[in-house]
Amino acid sequence: MNLYKFVSNSINEKLGFDANLETPKNREFGDFATNAAMVMAKSAGKNPRELAGDLLPKISELDFVENASIAGPGFINIKIKDNFIWESADKKIEIKNPNPLTIDMDYGAYNVAKSLHIGHLRTSIVGDTFNRIAKFLGHNTISYNHIGDWGRSMGLVIAWIKKLHPDWPFFQDKFNSKLDYSKYYIPVQELDTYYPSAAELAKTDEEFMEQARVITAELQKGHAGYNALYNVFIPVSLKAMEDVIKKINIMPFDNTLGERNAAKYIEPVEKILREKHLLEKSDGAEIIVVKKDSDTAPMPPVMFYNSRGAVPYDATDIMALYYRKITDNPDKIIYLTDSRQKLHFEQLFRVAELTNLFPTENLEHIGYGTINGADGKPFKTRDGNAAGLNDIIEMVNNAARVRVLESGKKINNEITESIALAALKFNDLMHDLRSDYIFDPESVTSFEGRTGPYILYTAVRLNSVLKKSNVKTNNSKLVELSKDERNLLIGLLDFERTVQVAFDNRATDILANYVYDLCQLVNTFYHNCPILRDDVDEQIRAQRMKIVQIAFNTLSTVIDLMGLKIPNEM
RNA sequence: GCACCCGUGGCUUAACUGGAUAAAGCGCGGCCCUCCGAAGGCCGAGAUUACAAGUUCGACUCUUGUCGGGUGCACCA
């Protein structure tokens with residue numbers, strides 16, 4: 001159960017007003033504390049300690065309170081009865097959500113014909129965890145991988161293929177779209193090199209760039225040859241995406257619908273914009289002005305058609321909003337992208353409001369920081385290239401294999417990789433989403449201390465005790481709680497509140513830090529409180545087994561929310 | 001230029017709504033495997049929270065300024 005919530009509600013009811021309930025950093029002070037007396041002292045015209053003295057008897061009367069005392073400048077410290085803690089911890093976790101929302105979760109945003117790189121790590125891992133948390137809290141989520149499959153990069157890739165194979169039928173005047181073109185299949189390893197090569201060339205070769213722009217516009221207008229070619233290489237990219245999703249153990253997306261799908265709704269969206277007189281011609285393009293008089297920051301217009309008649313991502317994002325409106329009609333849309341796109345989403349949300357598609361309060365953009373190398377610049381591999389996601393995964397896998405080899409343990413490859421993945425994912429989840437963080441290969445692959453493997457190891461230990469013992473925990477009774485057992489139970493009872501706080505604050509680090517602290521409590525308990533040893537009293541053993549059971553259940557739940565798997569051994 | 005974000009031990013990070021003695025990990029100096037798994041536990045050294053004012057009973061947290069770093073500002077996504 002949610003102990004915090006229960007205690008808070010009980011105290012508020014007893015006192016007749018909402019007292020602020022805190023969990024003291026220093027456990028010595030008590031399980032909970034309230035600063036109500038200090039907050040109210042001024043308006044009451046009393047000194048805080050005196051006021052605390054008035055409140056104290058009421059709090060002490062509550063049946064779950066062991067004792068309450070006044071401390072420092074006027075804090076009321078509250079200690080909960082052991083028996084109450086014991087019974088509370090044993091209650092099943094049941095999340096009842098009185099107000100479940102339909103939430104579109106937009107993360108991933110993979111690109112076609114561009115292999116995934118380190119930048120996709122956070123959106124995938126964090127997005128997946130938010131999705132799992134939201135579901136856990138009873139919301140109805142629909143995840144979208146809004147893939148980049150319709151913009152300039154497509155034009156560049158096609159232009160590059162045209163340069164390599166000018167003789168291919170896709171580029172001929174008399175193109176027959178009814179034939180089978182599957183023999184022009186391009187392996188993913190090769191396809192992935194096209195975009196970087198083309199982008200590089202376009203930087204210096206203006207003619208090539210212009211060709212790509214024209215091709216982009218023609219593709220979007222339905223050019224038969226380009227579309228046939230596009231349909232040949234798209235599945236190759238989609239398959240590569242699926243492989244990565246499996247490899248990093250994130251849930252499959254409910255929808256892999258990107259710009260191309262959105263672009264189908266250009267007519268109804270354009271109609272809305274015209275009816276509301278929102279489109280303006282400017283330098284050959286058609287734009288939507290979203291600037292307000294109150295703006296102090298730069299607020300450029302939104303591009304609907306560029307001067308070549310193509311629809312850039314500003315436009316496809318509006319159409320995607322329309323698509324979601326007529327399909328899911330969600331209560332909320334949460335976008336998770338790099339924080340550099342902040343302005344883009346501010347613009348998009350203004351258009352949503354102007355068009356009455358969605359009110360701004362239903363739209364939310366979470367921007368995450370960059371993953372940097374030791375030099376503070378975006379992380380690169382040793383050869384100086386932007387690190388590919390597969391390279392990073394392989395690096396961590398190798399480190400895990402070395403670690404296993406050194407330990408002399410017999411651990412299979414599947415488990416080794418799941419340990420490596422835990423290291424990678426936990427490292428990502430534990431950092432404040434909004435800040436940049438430094439990706440240090442050495443510490444990520446060290447597997448000691450504050451790491452994913454530490455979390456898994458703790459769970460494996462608990463599970464090992466459970467597997468070895470045949471003690472039935474159904475009838476475990478409380479004999480006596482030692483300090484370590486008590487601290488652990490209190491920690492476990494904070495789980496429900498933590499998940500809620502993590503979701504409300506859109507902060508996976510709150511959950512990651514919680515589970516790490518919890519594991520520390522488990523390991524201290526494990527070290528100080530023998531369970532299966534012969535000299536342990538039978539009733540104490542049953543009590544501790546119960547605690548192990550509860551701790552393992554909670555730990556499993558959190559590990560699952562983080563998209564990790566507990567190995568059988570490690 | 002305008003706007004937004006960030007600055008906490010040697011390094012990487014915490015501190016939930018403004019609360020009590022700023023909490024961990026790595027690294028450093030020690031200790032603990034005859035004892036349920038040492039990817040573990042325990043002890044120690046290490047901090048003027050960039051700087052300067054202000055608000056408050058109380059500031060890492062809020063306000064203003066300074067310095068330092070990052071990011072964005074229509075035809076890439």
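Reminder, nothing fancy here: chain letters follow the sequence lines and each chain counts from 1.
As judged by a 4.0 angstrom heavy-atom cut-off over every strand, A/Asp494 is placed among residues making no nucleic acid contact.
Atom P of nucleotide B/U17 and atom CG of A/Asp18 are separated by 17 Å, given to the nearest angstrom. Atom CE of A/Met38 and atom C1' of B/G18 are 10 Å apart (whole Å). Spacing between atom OH of A/Tyr514 and atom P of B/A24 amounts to 18 Å, rounded to whole angstrom units. When the P atom of B/U12 is taken as reference, atom CG of A/Asn513 falls 17 Å away, rounded to whole Å.
Look at B/C2: its Watson-Crick or wobble partner, with both distances under 3.5 angstrom, is B/G72. Judged by Watson-Crick or G-U wobble contacts below 3.5 Å, the nucleotide B/A50 has B/U66 as its partner.
For the 3.5 Å distance criterion, the side chains of A/Asp317 and A/His146 qualify, holding a donor opposite an acceptor.
For A/Lys25, the listed nucleotide lying nearest its side chain is B/C60; candidates were B/C60, B/G41, B/U12. Ranking B/G40, B/U17, B/A14 by closeness to the A/Asn20 side chain, first place goes to B/U17.
Ring to ring, A/Tyr335 and A/Phe345 are close: their centroids are under 6.0 angstrom apart.
Put simply, the side chain of A/Thr451 and the base of B/A39 share no donor and acceptor less than 3.5 Å apart.
Per the stacking criterion (ring centres < 5.5 Å, plane angle < 30°), A/Tyr516 does not stack onto the base of B/A24. B/A20 has A/Phe29 stacked on its base ring, the centres lying under 5.5 angstrom apart and the planes within 30 degrees of parallel.
For B/C33, the base is syn relative to its sugar; the glycosidic angle is within 90° of 0.
Spacing of C1' atoms, B/A23 relative to B/A15, comes out at 7 Å, to the nearest Å. For B/U49 and B/G41, the C1' atoms lie 30 Å apart once the distance is rounded to whole Å.
Proximity of A/Tyr457 to the phosphate of B/A39: a side-chain N or O atom is located under 4.0 Å from OP1 or OP2.
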